[in-house]
Amino acid sequence: MSVTAPPPIRPVPPGSTLPAARGHRPRRPRGTSLYAHGEPLVWLTGSALIVSVLMIVALLGLVLTMGLSTFWPQHVTEVTSLSGEHWMGEITDSERYVPDADMLSFLEPEVRASAEAALAASPDGRVRRRLFRTGNFDLSGSHFRWIDDYETAAEAQPEWAVVLERMAWGRFYGTPAAFLVDGDVVAEGPEASWAAFEREHEPSRARFDELREIEVFAVGDTHHRIEEARQALREVELTDGQDSDRYRAAQAEHDRVVAAAERDYATLDERRTALRAENDRYALRMATADGKTLDVTVADVVRGYPANQLGFVARVGVYLSRWWEFLWDRPREHNSEGGVFPAIFGTVIMTLIMSVLVVPFGVLAALYLREYAKQGWAVSAVRIAVNNLAGVPSIVFGVFGLGFFCYIVGGWIDESFYAANLPNPTFGKSGLLWASFTLALLTLPVVIVATEEALAAVPNSMREGSYACGATKWQTIRRIVLPRAAPGIMTGMILAIARGAGEVAPLMLVGAVKLVDKLPLDLRDWSGSLGPIPTGAMHLDRSFMHLGFHIFDLGFQSPNSEAAKPMVFTTTLLLIAIIVSLNLIAIWVRARLRRRFQGTHI
Amino acid sequence: MIEASETQRPSTGPTPARPGLDVRRPHEGGAVPRRPRHGGLFESIEQGRQFETVRHEAAAREDAVLEIDDFDLYYGAVRALHGVSLVCPRGKVTALIGPSGCGKSTLLRSVNRMNDLIDSVRIDGDMRLNGDSIYAPGVDVIQLRKRIGMVFQKPNPFPMSIFENVVYSLRIDGERDRSVLEEVCESSLRGAGLWSEAKDRLHESGLALSGGQQQRLCIARAIAAEPEVLLLDEPCSALDPIATGRIEELIDELKGSYSVLIVTHNMQQASRTSDFTAFMYLGRLVEFGPTEDIFVNPRLKETEDYVTGRFG
Ligand SMILES: Nc1ncnc2c1ncn2[C@@H]1O[C@H](COP(=O)(O)OP(=O)(O)O)[C@@H](O)[C@H]1O
Ligand SMILES: [Mg+2]
């Protein structure tokens, strides 16, 4: 052992000696290495977390504020311009910009003078303009209008500015002028005509709902009966030929059903005409800010309110009624107005079917990989392939789903079971079932990987204990391994749901559409105020609406993109809320399962 | 060497169930005549020479429940057991002792063919449980394991209620009669000395018990199937001294009604609880005989060194 002490690091007080063990090797001075204390890593990891959290919070904050504020009813402002024009509408946006010099030169002299004065007064050479939702598309040809501050002569919030949300043509901003019954003026002046409107509005809407019920369901039902009879006849024809007793009997039955259906149809048509005629009697004559008038049929108005007279409670009422409509009604105006109930329903039902398909399948596959297969290069190769499947662009799954599920499998099903309906495809086209299959395939890797991890986490000692009791492999898996791995499998399911419910690209190919008449499940009155009551069978072959696709459609395909923009946020908010609640349910179930192993109670 | 009279002295071990054996170093007793040495037996085993197990005659006179005949076991190319022959007497406790890695667990796991679960294992030789071959072709391993109970080093209760844990072996046989299940549950828990603690919480998770209780639950689970042999692989090594004492008492109570084969690292435990002791070294059975003889009067110097703690 060396006895020569290294140069002391700290000055050694005279008289003291370093312990022999210390003197053996030169030591670094203590406390100098930053890494030794781990400070940089704390900062590094901490800031990485902060950045991610900030991004998530910003995204959610944007979606929340935009999504929640969309439906709040604004005041209606009337603007009089220097050149004497009048506009009325809600302010939806405001910005400061640098006006183009050329453009200024085209302005009328007084406006130009005002603009130049505003520019001179502005410290940064910018002027303000505001985006007005002016509506009245059928009269003006546009929904929105930018209005510069410098062209404004006067601004007011007229007491009788009324907002009408209509079934077609978007919103209407104006002042009630008169109320007409059968074309005769029965009330004049804003107050009287608005009172008459409010009196007639609800009965009109009730008639309208009945009308829609008849058109969508009752008429569809009679068509369906005729179509069924035709198919039954065709089936007999395919088996027995036209020249047979059975065919003649079927023909008689067919004629009887068709006659009955046509009688029903005539009754319905009569009722429909009566309802329409009654609704057409009532109209509200509206005057716009620039003095034009328009007669609005009362039944065409979804919601109307005198925007500047509303107190806070009334505003909340309008806000909530818009949310209600959004959640429970179907879309109108190219999806930019109305509700998204069919899309909510489609998303939820598709996600559920997908989970029902993917979870058992993925769990079985993972069980084989982890419990039965002999671990070796083949299993590793399969595992790598499964993991890589998760990285395949989702549109590829869409293409595969369309080609394989819709055309091959669906085509085969049609030939075998729905031959009477050919050449119209039943399952041989995109639809709910195939979309669910495609997404199940897409999320399969997630479930397999999560399940494999959960299985691997089951202690081997438990398996051995079970084998030692004389249990077979399957008994061990069913009674020990699967229950123990269940929370982990639930985690896989949660991830699959989150992935599947948010997926859009493959759905465009395999079943999601812009608008549907009918839900995949026959609901009696899904447009009504009491929510859906299932009455009939699932139609897995039908196309469906999906919130993710709806967002895409609103954002990029809408003819009225300014009006659709806020709806993008609202729909996103809704989609996130649905995914969160599906996840919460799964997490709750998982927590219950976990308690079995950790807590004291079963 | 320890004199025979020394075995009558009161034990110094904790709560012995019966008069323990004093395993003090023999030379503390003063000058005792030395026995002839089997010079360098361990070295010759290490070099792989042939070697004959030393058997005490007393063991051969017993009625055997489990016979192990010239049993070899290989993990791939590595040989873990070399021609082990052993006879476990019925209704008695047989202890397997030896340094870590000498193949005690391997031998124990061979009895209920748990080693079948490891792909690389090859065996040679046979074992017989009450005369029925264990390794003959065509033996139903599942049926075999139902005749043998096993308790592992670390308590491994299943993720289910105490009740379901105990009646697990009946459940997998499809027993549904509630009264049968309840009866077996109670008698097994009583047998494992857990009834008084667990009777009010039968439907709580087995994992909510303490370590010692969990191990007794595992013993209850093993005896619920009324096994012909009970295999215990260091059942106390994960437990505190008090829980260990309770398990030792329990093994003592099981004696007579069950035939037990127990692996232990603890010499005092072996001397206190077992009737016969087998000393293993590097995959060989070195010496086998009545526990008293092995601890007090071993025939091999090496055994003596090991049981007195001078080796290891
Ligand atoms: N699964 C296994 N694969 C390969 N070798 C093993 C395996 N299990 C045990 N062994 C080896 O077999 C020998 C005996 O092990 P073991 O029976 O566990 O010893 P003990 O229980 O006496 O401590 C050791 O050398 C160990 O490394
Ligand atoms: Mg061991």
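Below, chains carry the letters A, B, ... as their sequence lines are ordered, and counting in each starts from 1.
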Exercise. Give a yes or no on whether E182(B) atom CD has more than 12 heavy-atom contacts from other residues, nucleotides or ligands under 6.0 Å away.
Key: yes
Exercise. Give, as side chain, backbone, both or neither, the part of P157(B) having an atom under 4.5 angstrom from any heavy atom of chain A.
Key: backbone
Practice problem: Check whether more than 12 heavy atoms from other residues, nucleotides or ligands sit under 6.0 Å from atom CZ of R178(B), and answer yes or no. | Solution: yes
Self-check item: Neighbourhood of chain A inside residues 127-155 of chain B, taking heavy atoms under 4.5 Å as contact
Solution: I142(B), R145(B), K146(B), I148(B), M150(B), F152(B)
Exercise. Go through the steps to decide whether F158(B) and R479(A) satisfy the test side chain to side chain contact (heavy atoms under 4.5 Å, CB included), and finish with yes or no.
Key: CA-CA 9 Å; F158(B) 299 144; R479(A) 290 173 182 268; over 6 Å; no
Exercise. Answer yes or no: does atom CZ of F400(A) have more than 12 heavy-atom neighbours from other residues, nucleotides or ligands under 6.0 Å?
Key: yes
Quiz item: What residues of residues 456-476 of chain A sit under 4.5 Å from chain B when only non-hydrogen atoms are counted?
Solution: S461(A), M462(A), E464(A), G465(A), S466(A), Y467(A), A468(A), C469(A), G470(A), A471(A), T472(A), Q475(A), T476(A)
Quiz item: By number, which residues in residues 442-452 of chain A have some heavy atom less than 4.5 Å away from chain B?
Solution: none
Under 3.5 Å, sequence neighbours excluded: what are the donor-acceptor pairs made by side chains of residues 494-501 of chain A?
none

